[in-house]
There are 2 protein chains.
Amino acid sequence: MATIYEVSALAGVSLSSVSRVLNNHEHVSEKTKQKVMAAMDELGYRPNSVARSLASNRSNSIGVLVSELHGPFYGEMLSSIEIELRKAGKHAVVTAGHSVEQSEKDGINFLIDRNCDAIIILIDSLSDEFVIELSKGSTPVVILNRLIPEIKDKCFYIDNELGGYLATKYIIEQGHKNLAYISGPLFKQDANERLDGHKRALNEANLKFDDELFYEGDFLTTSGRVGIDHLLKKNKPFTAAICANDEMASGAMKGLRDHNMLIPKDCSVIGFDNVYFANYLHPELTTMNYPINEMAKMSAQWILKNVYKHSDVFVNNKFTPELIIRESIKKVE
Amino acid sequence: MATIYEVSALAGVSLSSVSRVLNNHEHVSEKTKQKVMAAMDELGYRPNSVARSLASNRSNSIGVLVSELHGPFYGEMLSSIEIELRKAGKHAVVTAGHSVEQSEKDGINFLIDRNCDAIIILIDSLSDEFVIELSKGSTPVVILNRLIPEIKDKCFYIDNELGGYLATKYIIEQGHKNLAYISGPLFKQDANERLDGHKRALNEANLKFDDELFYEGDFLTTSGRVGIDHLLKKNKPFTAAICANDEMASGAMKGLRDHNMLIPKDCSVIGFDNVYFANYLHPELTTMNYPINEMAKMSAQWILKNVYKHSDVFVNNKFTPELIIRESIKKVE
DNA sequence: TTGTAGGCGTTATCAT
DNA sequence: ATGATAACGCCTACAA
């Protein structure tokens, strides 16, 4: 593998000149530039990225830490990040923390030790305090799906409260009055906010929140199914089930079917997130869109702008959920 | 950040000694080892991975190139790879090629330029010839989901023909005689092999393959739906639709419903791959399991064994599909 | 505009 | 077993 030395020798210029054209520095005469390029070409020169990193103290790698690498959410996220990064000649190093606190901390250390220039995290086992502390370190950290006021410019988050509000408002507008709510685990910020929005919509319509029609799930499919089971046992009729995410909504649909109820005829269902399989469900799931792609893209752009000093990127931190109307909600009179 | 120099100074030993304990070399006295460790501890020393890479010519990074980062398949794959790699202290650099030939080639170059110690690819736009040529380079390459005889020890593949055979055989055993087949694009190896297996099962049961009940899709959801449309127009009755993957199966289910057909009452459906949302469909999809997790894990292990010389790993190249029985197939008399 | 020289933090090769 | 010392390939003041 040819080095910068050989290029400089062949081109008949100094080492630094080669380095300069390599890095698009100004103040290089067109002539030497040509000579260098020709030499590089002839030698099939490929810069050694490791050597570059050592000398420049930039690895051009961005660490991405997520809870899991599979699942409908993280794939979208990774995809957006990778596209954005690669356009800029950077690369993504991925790691999973498996929602275990120690494991997620290990993941972060792993990435830091890899000399990542910055880290993007989307996890839930780490406390705000830890993240704040972390962000004081020398490796910039941006946070997806979470708002931590102290470092809000590094957070990319959605207005979950608004999402919860809009979902419930829509259902009420469709004539539903008895609403069941299957929530995410309430120790999670997003689950909480979505529930708040739900309550606000209820309030606004002079409907009252009924504890008996509430079930706290865990954002996983099974808890949607279990939740319906639980709710149905109360013998309190409801005509719509509002689920705090699509996974639970898909579980809820199964649960309703277990009890021979048709969707949306006997019970309407709405989800949250608009993961791609929401389209595959039957009936197709009405849900709130969570623009994870856009958010992930922005997190990458934040890094380009603040770490690599790209001046021409625009960054937005707060995102808005939108209603996606499909087939799982029926209008009642 | 403390360097190896400061450690050596504080420990009162030479640079090389520090390096030795860092790399678990033999021939270091317990005493110096202790001194070094203590010094490292005191200084909070963290090895600089870039410097290590430069000196050792190993980046400890493995490139992963896939067509897309999202979708049900790649997430599982990435997840398995990352787990395996990280256990060994290596990391994964991910890239997408978007099923575009040039883009996939770029992706490979990108990873090579990143000094990846090895590359794992799962793509379909690159020809066998290209991959063979690539594998002659200095960066080891392993291939997922494809068998290229010339480099078969670096390929991790499934017996697609057997999968196609088993799926069809099962359906025939359930009493079905008029089978529709929705295939993947036949320029792809796996689509072809699955079809071959289908034909073998047909043959064995003295059923004959009917061109009118065949539709070539593209492995995407929509083509399942379109396929059913197309097939139904022929006015040739069939009681089961065999789909070459789960995505098309989910589309086919929609297509059947478009025509007011119930599943599996009016038509049974079987898929292939057992992606995780197969469970979410209604009815739950009977399908062939594709052990992508296991395969991805093996590809990572191959690298640990052959590139990093771990001696204690076992590697298997060929995998077997298995029938997963759920709800989408009805027995007919 | 161009070139020189020192440094980035380790590993590896020799001696000792 | 331990210690100098030379790579590793590039970047970046600084000098010219």
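Here is how names work: the chains are called A, B, and so on, in the same order as the sequence lines, proteins then strands, and each is numbered from 1. None of these values were measured; they are calculated from a predicted model.
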> Has the side chain of A:Arg46 got a donor or acceptor that lies under 3.5 Å from a partner of the other kind on the base of D:dG9?
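Not at all, since no donor on one side and acceptor on the other fall under 3.5 Å apart.
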> May I ask you to test the B:Asp128-B:Arg146 pair for a side-chain heavy-atom distance under 4.5 Å?
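Yes, side chains in contact.
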> Can you tell me which nucleotide in D:dC11, C:dG3, C:dG9 comes closest to the side chain of A:Ser56?
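Nearest to the side chain of A:Ser56 among the choices is D:dC11.
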> Expressed as a whole number of angstroms, how long is the span from B:Asn60:CG to C:dT10:C1'?
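So the two atoms are 13 Å apart, to the nearest Å.
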> C:dT10 phosphate, OP1 or OP2: any side-chain N/O from B:Tyr45 under 4.0 angstrom?
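So the side-chain polar atoms of B:Tyr45 do come within 4.0 Å of the phosphate oxygens OP1 or OP2 of C:dT10, strictly under.
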> Using whole Å, report how far CG of B:Asn48 lies from P of D:dC8.
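After rounding, the gap between these two atoms is 19 Å.
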> A:Asn57 side chain N/O closer than 4.0 Å to the phosphate oxygens (OP1, OP2) of D:dC11?
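It does not, given that no N or O in the side chain of A:Asn57 lies less than 4.0 Å from OP1 or OP2 of D:dC11.
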> Nearest 0.5 Å please: distance from the OH atom of B:Tyr74 over to the OG atom of B:Ser79.
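B:Tyr74 OH to B:Ser79 OG: 16.0 Å, rounded to 0.5 Å.
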> Give the nucleotide from the list C:dT10, D:dT2, D:dG9 with an atom nearest to the side chain of B:Tyr5.
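Given the options C:dT10, D:dT2, D:dG9, the side chain of B:Tyr5 is closest to C:dT10.
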> Expressed as a whole number of angstroms, how long is the span from A:Asn115:CG to C:dG9:P?
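These atoms are roughly 10 Å apart.
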> Need one value for B:Ser53: base, sugar-phosphate or nothing, where a base atom within 4.0 Å counts as base even if backbone is also close, heavy atoms only.
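Touches nothing.
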> Quick one: pull up NZ in B:Lys188 and OG in B:Ser125 and give me the separation to the nearest 0.5 Å.
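It is 7.5 Å, given to the nearest 0.5 Å.
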> So which one's nearest nucleotide on DNA chain D is more toward 5', A:Ala51 or B:Thr32?
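First, find each residue's nearest nucleotide; the 5'-ward one identifies B:Thr32.
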> Can you find a side chain N or O atom of B:Ser14 that sits less than 4.0 Å from OP1 or OP2 on D:dG3?
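For B:Ser14, the contact criterion (side-chain N or O under 4.0 Å from OP1 or OP2 of D:dG3) is met.
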> Can you tell me if CG on A:Asn57 sees more than 12 non-hydrogen neighbours from other groups inside 6.0 Å?
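No, the 6.0 Å shell around CG holds no more than 12 heavy atoms from other groups.
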> When rounded to the nearest 0.5 angstrom, what is the spacing between NE2 in B:His98 and CD in A:Glu82?
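The distance works out to 5.5 Å.
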> Mapping B:Thr3 and A:Gly12 to their closest nucleotides on DNA chain C, which lands nearer the 5' end?
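Nearest nucleotide further toward 5': that of A:Gly12.
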> Looking across every strand, which nucleic acid part, if any, lies under 4.0 Å from A:Val13 by heavy atom: base, sugar-phosphate, or nothing?
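Since only primed, P, OP1 and OP2 atoms lie under 4.0 Å of A:Val13, the category is sugar-phosphate.
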> When you measure from the side-chain N and O atoms of B:Ser19 to the phosphate of C:dT11, is any distance below 4.0 Å, counting only OP1 and OP2?
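Yes, such a contact exists.
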> Between B:Ser17 and D:dG3, is there a contact of a side-chain N or O with OP1 or OP2 at under 4.0 Å?
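Result: yes.
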> Whole angstrom is fine here: how far is it from CZ in A:Arg20 over to P in D:dA13?
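Rounding to the nearest Å, CZ of A:Arg20 and P of D:dA13 are 11 Å apart.
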> Grab the CG-C1' distance between B:Leu54 and C:dT11 for me, whole Å please.
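In whole Å, C:dT11 C1' lies 9 Å from B:Leu54 CG.
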> Is the shortest side-chain N/O distance from A:Ser29 to OP1 or OP2 of C:dT2 below 4.0 Å?
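For A:Ser29, the contact criterion (side-chain N or O under 4.0 Å from OP1 or OP2 of C:dT2) is met.
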> Just how far, in rounded Å, is C1' of D:dG3 from NZ of B:Lys35?
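My rounded result for the distance is 13 Å.
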> Does A:Val18 reach a base, just sugar-phosphate, or nothing at all? Heavy atoms under 4.0 Å.
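Nothing: the residue A:Val18, judged by heavy atoms under 4.0 Å, touches no strand.
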> Round to a whole Å and report the spacing from NE2 of B:His27 to P of D:dT2.
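So the NE2-P distance, B:His27 to D:dT2, works out to 11 Å.
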> Is there a side chain to side chain contact (heavy atoms under 4.5 Å, CB included) between A:Tyr308 and A:Arg58 once you walk through the steps?
CA-CA 9 Å; A:Tyr308 299 113; A:Arg58 280 247 167 280; 3.7 Å; yes
> Roughly how many Å is it from CD1 in A:Ile4 to C1' in C:dT4, rounded to a whole number?
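Rounded to whole Å, this separation is 14 Å.
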> In terms of side-chain heavy atoms of B:Ser16, which of C:dT10, D:dG9, D:dT5 is nearest?
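For B:Ser16, the side-chain atoms sit closest to D:dT5.
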